[in-house]
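As the structure is a prediction and not an experimental result, all values here were calculated from the model. The sequence lines fix the lettering, A, B, ..., with proteins before strands; numbering per chain opens at 1.
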Protein chains: 2
Amino acid sequence: MPNNQFKRGELYSFITGKASTAIARRLQKNFKEANVEITIEQWSVLYHLWKQDGLSQQQLCDATFRDKPSITRLVDNLEKLKLVKRVASKDDRRMNMIYLTNEAQVLQEQTMGLASQTLNEALEGVTIEQIEMAKMVLQKVYDNLANPL
Amino acid sequence: MPNNQFKRGELYSFITGKASTAIARRLQKNFKEANVEITIEQWSVLYHLWKQDGLSQQQLCDATFRDKPSITRLVDNLEKLKLVKRVASKDDRRMNMIYLTNEAQVLQEQTMGLASQTLNEALEGVTIEQIEMAKMVLQKVYDNLANPL
DNA sequence: TTTATATAGTTGTCTAAACAACTATATGCC
DNA sequence: GGCATATAGTTGTTTAGACAACTATATAAA
């Protein structure tokens, strides 16, 4: 019997992740007010490409904790928006390398500022130590449950 | 300038809530293995009805942090599964009161055990103090961003 | 070298979230 | 009573997540 046997009633807030959905909603709202017409899911993919351009779809799966069909469709939509391009790899013809367009590069500066601002709104009144602790707990939960995608 | 100005790169884990989706996936998997054929979203609605039967859809919205269309469709699906029934309120004919069926009552004992077990899997190696701290941070984030639905 | 197996990506189906627009009932005010 | 407004719920559309089934290419074993 683990020492942290939980009262059943405490389940809810952990399961629903209402804090993360609240952040997501606020970020989406801030994008909209700045006339940035992408979803936060699309943004989260671009985010990794801004760090390193030319990732494969599989690398995007690993980076964003999504499965392959999800990334296929996110890349589909980003391609429709002309924000990325699929380029077949010459080394391994199974792979698509995903490259940012110029339009996507322009988005980076603008949205990074909005994201930073959103996070500061979210974390007002929370200390760095508390944030680190919370992140550590969430990471531990993730690691406990991680199963191969 | 808040004292917790965040490195931009730290955004990701907060925004995606991968820990909460990991818990959701594991709970769904545990349901499936026990032949419980409902989604965790449906379960989260039933959870509140087990605490108090006969809530209105609006009360379910408040309890589950969902908007009205989401609850309409979750109740639609729960009704198709014959787990709840909509009963028009006599006091206020705009309202549907949602009541559990006998079938849903049977699910409670079984799924509560699975949920408790899942949470213990998730929180292995995390102390109660750490859990409390993490919950406090997530609650604070939620409160910082809470806006009327 | 051919055959099995693993990996990268796609497609189909179902469920759900977000948002806008809508209907119907209730309430408050003149 | 009649009109404005608020509240409860529904419907349509788009995007996305989960899962299974699929194609195509690459790798390893026989």
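When the side-chain nitrogen and oxygen atoms of B:R25 are compared with OP1 and OP2 of D:dA18, one or more of them lie within a distance under 4.0 Å. B:R86 has a side-chain polar atom (N or O) that falls below the 4.0 Å cut-off from OP1 or OP2 of D:dT10. For the pair A:Q59 and C:dA8, the criterion of a side-chain N or O lying under 4.0 Å from OP1 or OP2 is not met. Side-chain nitrogen and oxygen atoms of B:N77 include none within less than 4.0 Å of the OP1 or OP2 phosphate oxygen of C:dC14. Look at A:T39 and you won't find any side-chain N or O under 4.0 angstrom from OP1 or OP2 of D:dT15.
Between A:Q28 and A:I71, it is A:I71 whose nearest contact on DNA chain C lies nearer the 5' terminus. Nucleotides of DNA chain C nearest to A:D76 and A:K32 differ in position, and the one nearer the 5' end is that of A:D76. Each of B:Q58 and A:R94 lies near DNA chain D, and the nucleotide nearest B:Q58 is the one positioned closer to the 5' end. Taking the nucleotide of DNA chain D with the nearest heavy atom to each of A:D91 and A:R73, the more 5' of the two is matched to A:R73.
A cation-pi contact, defined as under 6.0 Å to the ring centre and within 45° of the axis, links B:K18 to A:F65.
Considering only the side chain of A:D92, D:dT25 comes nearest among D:dT10, D:dT15, D:dT25. Among C:dG12, C:dG9, D:dT15, the nucleotide with an atom closest to any side-chain atom of A:Q42 is D:dT15.
The distance from atom CG of B:L81 to atom OG1 of B:T101, rounded to the nearest 0.5 Å, is 9.5 Å. The OH atom of B:Y99 sits 7.0 Å away from atom CG of B:D53, with the distance rounded to the nearest 0.5 Å.
Following rounding to the nearest Å, B:L83 (CG) and C:dT15 (P) show an atom-to-atom distance of 13 Å. The CG atom of B:L81 sits 8 Å away from the P atom of C:dT15 (whole-angstrom rounding). When rounded to the nearest whole Å, the span between CG of A:L74 and P of C:dG9 equals 14 Å. Summarising the geometry, the separation between CG on B:L27 and P on D:dG17 is reported as 19 Å, rounded to the nearest angstrom. What separates CD of A:E37 from C1' of D:dT15 is a distance of 14 Å, to the nearest Å. In this structure, the NZ atom of B:K18 is 16 Å from the P atom of D:dG17, given to the nearest Å. Atom CD in B:E41 sits about 5 Å away from atom P in C:dA16, given to the nearest Å.
Axis deviation across the helix from C:dT1-D:dA30 to C:dC30-D:dG1 amounts to 10°, comparing end segments of five pairs, rounded to 10 degrees.
In the displayed structure, A:E33 atom CD is contacted under 6.0 Å by more than 12 heavy atoms of other residues, nucleotides or ligands.
Checking B:R66, B:Q59, B:Q58 one by one against B:D62, the side-chain hydrogen bond (donor to acceptor under 3.5 Å, both in side chains) holds for a single residue, B:Q58.
If you chain together hydrophobic residues whose side chains sit under 4.5 Å apart, A:V84 and A:W50 fall into the same group.
Note on B:E79 versus B:R86: salt bridge recorded, some NZ/NE/NH1/NH2 to OD/OE distance being below 4.0 Å.
In terms of modelled atom types and a separation under 3.5 Å, the side chain of A:T72 and the main chain of A:K68 share a donor-acceptor contact.
Judged by distance alone with a 3.5 Å cut-off, no donor-acceptor contact links the side chain of A:R93 to the base of D:dT25.
The residue A:T21 sits apart from the nucleic acid: no heavy atom pair falls under 4.0 Å.
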